[in-house]
Amino acid sequence: MRSDLLFLAAAVGSALATMPLYARGSAPRQPNRSDSPVRGSFVLGSFLRSWFYWFVGPVERWSLARGLTPLFYNFVGVAFGLASLGLFASGRLTAGGWAILLGGTADVLDGRIARARGVASPRGAFLDSTLDRFAEMAVFVGLAAFYRMSGLGLLLVVLGLGGSLLVSYTRARGESQGVLCNLGIMQRAERLLLLGFGSILDPALSAGFGRSPGAFLLIILAVIAAGTLGTAVFRTLWIARRLPTKD
């Protein structure tokens, strides 16, 4: 457990150490054509999101040079989602957390590669969002298997999954009626970060407080459940107010 924390601290510390380098060169930076024009807000701020896009830039450029397609990374994301299912079901929370974070990185790359190649299309957007839901469902199924002996754990997993799907559904249904709403917290990026880092940290933190594995992750799941359901309710009301009552 201690080695897992040391590895996580080293990985995160090494990544964050690049922030000053990014900040020094970001002032004259022009808008990147790989940025999505309809992306939602990120609760940790636009600087961190922009920094992360810059951080994975070498992988993006390598993928473009090798001719990798957005669909390739769509399936990589699903593969990591399925991997997290198996890892969580077998009780390997730390490895499952890393699978979530790597799957999230693949999700970022597929959209950026599509826009960089100029191949973004309605078909690609549909496949991207739909395969994301498959991957996310796999994560929660794995968590349900992990908490199969805990009534509270299963309840929070179900609420978290339902809320996550509702956040996406309310936005998609609103767009189908001509109203775009990407407001609220606990969008996909926030959920992936919380679940990923929460799973990685859980074994050490739960043991540190004398609790069984999964205790800390339960708190994370409660936050996700409350945040997603709250966002879904907010979006429902926000969109409904902007829709006509008659044709």
Side-chain angles (χ1 to χ4, degrees), residues 31-53 70 74 77 81 100-101 103-112 114-115 120-141 143-144 155-198 217-247:
N32 192 318
R33 68 191 181 113
S34 296
D35 288 343
S36 171
V38 296
R39 65 188 181 189
S41 60
F42 182 45
V43 72
L44 295 180
S46 59
F47 174 82
L48 280 179
R49 176 166 55 185
S50 298
W51 163 79
F52 182 73
Y53 290 164
N74 286 148
I100 290 174
L101 296 180
T105 302
D107 185 36
V108 169
L109 288 168
D110 67 55
R112 292 186 65 78
R115 289 183 288 274
S121 65
R123 178 186 180 187
F126 168 76
L127 287 173
D128 180 24
S129 60
T130 303
L131 292 176
D132 283 349
R133 303 290 82 76
F134 278 107
E136 192 163 20
M137 184 184 70
V139 170
F140 279 98
V141 169
L143 289 170
L155 175 63
L156 292 176
V157 169
V158 170
L159 290 175
L161 173 58
S164 298
L165 294 178
L166 283 170
V167 167
S168 301
Y169 177 80
T170 50
R171 172 171 172 166
R173 186 59 178 155
E175 288 181 359
S176 72
Q177 299 298 314
V179 179
L180 171 63
C181 180
N182 53 20
L183 304 173
I185 60 173
M186 287 303 156
Q187 300 185 82
R188 181 166 167 79
E190 289 86 352
R191 298 194 300 268
L192 291 177
L193 287 173
L194 280 173
L195 282 176
F197 284 111
L217 189 54
L218 275 180
I219 300 173
I220 299 298
L221 285 169
V223 172
I224 290 174
T228 53
L229 290 172
T231 296
V233 170
F234 169 78
R235 286 185 174 183
T236 299
L237 297 175
W238 193 93
I239 293 170
R241 292 193 186 102
R242 287 157 177 78
L243 292 173
T245 57
K246 294 183 180 180
D247 294 334

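On a predicted model such as this, the values are computed, not experimentally measured, just so you know.
- The two residues G81 and A138 come nearest to each other via the heavy atoms O-CB, 3.5 Å.
- Under the salt bridge (Lys or Arg N to Asp or Glu O under 4.0 Å) criterion, R173 pairs with no residue, sequence neighbours left out.
- One distance of note links CZ of F234 with CG of L183; it measures 5.0 Å at 0.5 Å rounding.
- For R242, there are no side chain to side chain donor-acceptor pair (under 3.5 Å) partners at least two apart in sequence or on another chain.
- Closest heavy-atom contact between L221 and F140: CD2-CE2, 4.2 Å.
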* Asked: What do the steps show when you test T105 against F52 for side-chain contact (heavy atoms from CB on, under 4.5 Å), and what is the final call?
  -> CA-CA 9 Å; T105 302; F52 182 73; 3.8 Å; yes

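- Remark: the backbone N or O of A225 is paired with a side-chain donor or acceptor of T228 at under 3.5 angstrom.
- For the pair R235 (side chain) and V167 (backbone), a donor-acceptor distance under 3.5 Å is present.
- L195 CG to L101 CG: the interatomic distance, rounded to the nearest 0.5 Å, is 9.5 Å.
- In this structure D128 satisfies the side-chain contact (heavy atoms from CB on, under 4.5 Å) test together with N74, D107, D110, D132, sequence neighbours excluded.
- A donor-acceptor pair under 3.5 Å is formed between the side chain of E190 and the backbone N or O of Q187.
- Partners of L166 under the side-chain contact (heavy atoms from CB on, under 4.5 Å) rule, at least two apart in sequence or in another chain, are L229, A232.
- Rounding to the nearest 0.5 Å gives a distance of 7.0 Å between CG of L192 and CD1 of I100.
- Between the CD1 atom in I239 and the CG atom in L180 there is a gap of 8.5 Å [rounded to 0.5 Å].
- Checking side-chain atoms of T231 against main-chain N and O of G184 turns up no donor-acceptor pair under 3.5 Å.
- T236 is linked by a side-chain contact (heavy atoms from CB on, under 4.5 Å) to T170, counting only residues two or more places apart in sequence or in another chain.
- Summarising the geometry, atom CG belonging to N182 is positioned 5.0 Å from atom CZ belonging to R171; distances are rounded to the nearest 0.5 Å.
- R241 meets the side-chain contact (heavy atoms from CB on, under 4.5 Å) test with L237; sequence neighbours excluded.
- Side-chain contact between L217 and I220 is present, with at least one heavy-atom pair separated by less than 4.5 Å.
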Please tabulate, for side-chain N and O atoms in residues 155-165, each donor-acceptor pair with protein atoms closer than 3.5 Å (sequence neighbours left out).
from, atom 1, to, atom 2, distance (Å)
S164, OG, G160, O, 2.7
S164, OG, R191, NE, 3.2

